[in-house]
Amino acid sequence: MSSVPRRTVLGAAAAVSALAGLPATASAAPATPSANKPLALPGGGDLGPNVIVFDPSTAGIQAKLDQVFAQQETAQFGTGRYAFFFKPGTYSGLNAQLGFYTSIAGLGLSPDDTTINGDVTVDAGWFNGNATQNFWRSAENLALVPVSGTNRWAVAQAAPFRRMHVRGSLNLAPNGYGWASGGYIADSRIDGQVQPYSQQQWYTRDSVIGSWLNGVWNMVFSGVQGAPAQGFPNPVYTTLATTPVSREKPFLYLNGTEYRVFLPEKRTNASGVTWGNGTPRGTSLSLSQFYVAKPGVTAATLNQALTQGLHLLLTPGIYHLDQPIQVNRANTVVLGLGYATLVPDNGVTALKTADVDGVRLAGFLIDAGTVNSSTLLEVGPAGTTTDHSANPTTVQDVFVRIGGAGAGKATTSVVINNRHTIVDHTWLWRADHGTGIGWDVNRADYGLVVNGADVLTTGLFVEHFNKYDVQWNGERGRTIFFQNEKAYDAPNQAAIQNGSIKGYAAYKVGDNVTVHEGWGLGSYCYYNVDPTIVQHNGFAAPNRSGVKFHDLLVVSLGGQGQYEHVINETGAATSGTSTIPSTVVSYP
């Protein structure tokens with residue numbers, strides 16, 4: 001790989017005006033007055049101007065797709081947020097190019113209910129063929145018949161490809177095979193070949209593929225039929241036959257003319273997709289059971305809706321919060337569309353859940369505010385030990401950003417206290433480019449802190465925190481796939497010193513933990529402010545038999561800083577400028 005940085009600094013893109021769309025509607029439950037309470041909030045309703053719904057007879061679909069793409073293509077830190085939905089049926093001759101904060105999805109129960117004879121494309125022409133900043137966009141619940149036989153999906157972090165059926169091949173690299181740093185596929189079927197080319201790492205879960213072309217540093221598979229055989233470090237494949245526990249992300253669909261949200265059931269030791277053999281397993285909720293939130297709504301109103309017993313559907317836009325969204329009821333769904341973004345003001349936490357079963361948090365971005373928040377997301381209260389194994393909380397496509405779009409600070413991004421929580425695809429990012437960045441400007445010490453026992457993370461991306469990117473204190477934790485970069489901007493060795501240790505590990509298992517396991521974990525350093533910085537190791541954990549790691553790597557990007565070891569005192573040091581990983585296949 002080239003020795004130049006994976007990401008170069010970009011200025012914040014200018015905010016742009018919202019586009020009108022075709023609103024989706026659902027019948028609203030009647031509001032009922034009360035002598036002692038505020039007027040009851042209605043469920044259901046209009047999904048707002050930035051949820052744009054098409055059916056096969058809609059005129060001008062390509063023009064609308066192109067209009068939004070023209071606005072969002074370079075708007076990395078802009079305010080636009082969009083969700084395109086396609087009603088069941090067949091569409092032809094489309095190329096849906098996706099820019100920042102743009103989601104595209106079908107409205108059937110199965111991806112095959114909605115077929116696009118055409119492409120859903122992510123490329124990197126806007127950034128000179130470099131795809132390492134193609135963040136924050138998604139595709140879901142569609143069947144594609146690519147025009148050329150191959151669909152291009154050249155993404156980086158926070159760009160999930162879920163519940164998709166590609167009747168052809170899938171190219172994960174930009175035109176010209178420039179740098180790429182993704183990514184995540186789940187519950188999808190790719191009939192042909194998946195072609196990563198320049199993608200440095202990738203995680204694929206519970207899917208079916210025809211074949212897989214290659215790997216660069218770290219390609220991880222769990223529950224993927226057709227996955228390449230285990231081979232790390234050469235070839236760079238980590239392959240698990242099944243995923244221990246999974247539950248797919250909730251999704252919006254149409255039942256006739258009624259909008260509903262489908263809630264897939266939990267699977268254990270899963271393999272392959274959840275759809276394709278009749279009705280998928282799970283339950284569904286009418287949209288009338290959701291408070292359909294619009295930008296500008298207050299946190300108090302969101303909490304009133306939750307207290308009433310409604311779920312939350314966050315339509316595309318930016319939501320400022322002066323108090324936490326408090327999820328206290330079991331089985332509550334908080335689902336964002338089009339990268340709905342929560343901004344906690346005055347140092348509050350954006351969202352907290354109680355010690356209850358079955359909460360589903362999915363599809364939104366938390367952007368740290370200008371006043372430091374001690375935490376941005378808390379799942380469960382401190383100290384809880386309740387067993388949630390039968391019905392865990394899931395956190396899926398919930399992303400965190402500190403800085404980049406502007407000044408932001410948070411001591412810890414995400415804290416998981418509830419037992420058995422599943423974190424399925426997240427990117428927790430202390431920004432290394434954009435505005436409001438600097439070692440003490442967008443200060444954020446910890447990315448993910450896990451205190452609860454029996455927590456599982458699948459597809460964990462955590463980058464650039466000032467101290468530990470991941471600190472895992474709970475027992476029996478498991479991680480399948482981890483991607484990390486240490487903070488670029490450390491000013492000198494002293495700034496990262498951890499007592500007598502050189503630097504904070506990217507992934508630290510608490511000293512008292514007796515059982516932990518991880519598969520396919522990578523950490524990279526690019527200390528471009530002071531390239532003489534030495535990081536002792538990428539991974540730190542108690543040296544005991546119950547704490548096990550498989551297929552670890554550390555990489556010095558172009559010699560900008562170096563690692564002394566991979567995990568604890570094990571693994572060769574990186575050296576030189578060659579960007580060659582140092583690996584450990586099994587630890588201890």
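Hydrogens, waters and symmetry mates play no part in the numbers below; they use all other heavy atoms, side chains included.
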Checking Trp429 against Phe135 for the ring-ring contact (aromatic ring centres under 6.0 Å, His included) test, could you report, in this order, the C-alpha distance in whole Å, the side-chain angles of both residues, the deciding distance, and whether it holds? CA-CA 11 Å; Trp429 186 53; Phe135 314 136; 5.5 Å; yes
Plane angle bin for [Y] and [X] - parallel if under 30°, tilted between 30 and 60°, otherwise perpendicular:
| X | Y | value |
| --- | --- | --- |
| Trp136 | Tyr101 | parallel |
| Tyr253 | Phe262 | perpendicular |
| Phe399 | His425 | perpendicular |

With distance as the sole criterion, is a donor-acceptor pair present between the side chains of [X] and [Y] under 3.5 Å?
| X | Y | value |
| --- | --- | --- |
| Tyr319 | Asp367 | no |
| Glu485 | His464 | yes |
| Asn466 | Arg430 | yes |
| Gln483 | Gln200 | no |
| Tyr259 | Ser288 | no |
| Tyr203 | Ser222 | yes |
| Thr301 | Thr298 | yes |
| Arg260 | Ser284 | yes |
| Ser286 | Glu258 | yes |
| Asn303 | Gln323 | yes |
| Gln97 | Glu73 | no |
| Thr349 | Thr375 | yes |

Distance, nearest 0.5 Å, that separates [atom1] of [X] from [atom2] of [Y]:
| X | Y | atom1 | atom2 | result |
| --- | --- | --- | --- | --- |
| Asp469 | Asp445 | CG | CG | 10.5 Å |
| Phe481 | Arg205 | CZ | CZ | 13.5 Å |
| Thr353 | Leu377 | OG1 | CG | 7.5 Å |
| Phe77 | Thr435 | CZ | OG1 | 7.0 Å |
| Ser103 | Asn141 | OG | CG | 12.5 Å |
| Gln396 | Arg360 | CD | CZ | 8.0 Å |

Between Asp187 and Arg162, is the closest basic N to carboxylate O distance under 4.0 Å?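 Salt bridge: no.
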Hey, are Asp206 and Arg267 close enough for a salt bridge, meaning a charged N less than 4.0 Å from a carboxylate O? yes
Working note: Val423 + Thr458, criterion side-chain contact (heavy atoms from CB on, under 4.5 Å); need CA distance, chi angles, decisive distance, verdict. CA-CA 6 Å; Val423 180; Thr458 52; over 6 Å; no
Side chains of [X] and [Y] in contact at under 4.5 Å (non-hydrogen atoms):
| X | Y | result |
| --- | --- | --- |
| Gln308 | Leu41 | yes |
| Lys64 | Ile52 | yes |
| Thr426 | Phe461 | no |
| Asn95 | Asp66 | no |
| Lys266 | Thr268 | yes |
| Leu361 | Leu351 | yes |
| Thr393 | Ile422 | no |
| Thr121 | Leu98 | no |

Could you go through Asp397 and Lys249, starting from their C-alpha distance and side-chain angles, then the distance that decides it, and tell me whether this counts as side-chain contact (heavy atoms from CB on, under 4.5 Å)? CA-CA 8 Å; Asp397 301 347; Lys249 177 175 172 261; 3.3 Å; yes
Phe86 and Phe54: ring-ring contact (aromatic ring centres under 6.0 Å, His included), yes or no, with the steps? CA-CA 5 Å; Phe86 287 76; Phe54 303 119; 5.0 Å; yes
Looking at every heavy atom in both [X] and [Y], which two are closest together, and how far apart are they?
| X | Y | answer |
| --- | --- | --- |
| Pro316 | Tyr82 | CB-N, 4.1 Å |
| Asp322 | Ala299 | OD1-CB, 3.9 Å |
| Val245 | Leu456 | O-CD2, 3.3 Å |
| Thr132 | Ala180 | CG2-N, 3.9 Å |
| Pro250 | Val261 | CB-CG1, 4.0 Å |
| Arg189 | Val273 | NH2-CG2, 3.9 Å |

In sequence, state the C-alpha distance, the side-chain angles, and the governing distance for Tyr339 and Phe364, and then conclude on ring-ring contact (aromatic ring centres under 6.0 Å, His included). CA-CA 5 Å; Tyr339 287 81; Phe364 55 89; over 10 Å; no
As a quick check of understanding, evaluate side-chain contact (heavy atoms from CB on, under 4.5 Å) for Asn134 and Phe127, giving each step before the final call. CA-CA 9 Å; Asn134 282 347; Phe127 199 44; 5.7 Å; no
Are Phe69 and Trp126 close enough that their ring centers fall under 6.0 Å? no
side-chain hydrogen bond (donor to acceptor under 3.5 Å, both in side chains) partner of Asn451, chosen from Asn417, Asn418, Thr384: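 Testing each of Asn417, Asn418, Thr384 against Asn451, the sole residue satisfying side-chain hydrogen bond (donor to acceptor under 3.5 Å, both in side chains) is Asn417.
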Pick from Arg281, Glu265, Arg247, Arg163: which one makes a side-chain hydrogen bond (donor to acceptor under 3.5 Å, both in side chains) with Thr274?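 Considering Arg281, Glu265, Arg247, Arg163, a side-chain hydrogen bond (donor to acceptor under 3.5 Å, both in side chains) with Thr274 is found only for Arg163.
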Sidechain-backbone polar pair: Gln199 side chain, Ser181 backbone, donor-acceptor under 3.5 Å: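 It does hold such a pair.
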Do His311 side-chain atoms and Phe290 backbone N/O form a donor-acceptor pair below 3.5 Å?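 No.
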Between Tyr184 and Thr204, is a side chain to side chain donor-acceptor pair (under 3.5 Å) present by the stated rule, with each step listed? CA-CA 6 Å; Tyr184 174 92; Thr204 309; over 6 Å; no
Give the C-alpha distance, both sets of side-chain angles, the deciding distance and a yes or no for side chain to side chain donor-acceptor pair (under 3.5 Å) between Asp355 and Thr386. CA-CA 7 Å; Asp355 185 14; Thr386 307; 2.6 Å; yes
Step by step, work out the ring-ring contact (aromatic ring centres under 6.0 Å, His included) result for Trp202 and Phe161. CA-CA 12 Å; Trp202 201 275; Phe161 196 81; 8.4 Å; no
side-chain contact (heavy atoms from CB on, under 4.5 Å) between Phe482 and Val220, intermediate numbers included: CA-CA 9 Å; Phe482 172 67; Val220 180; over 6 Å; no
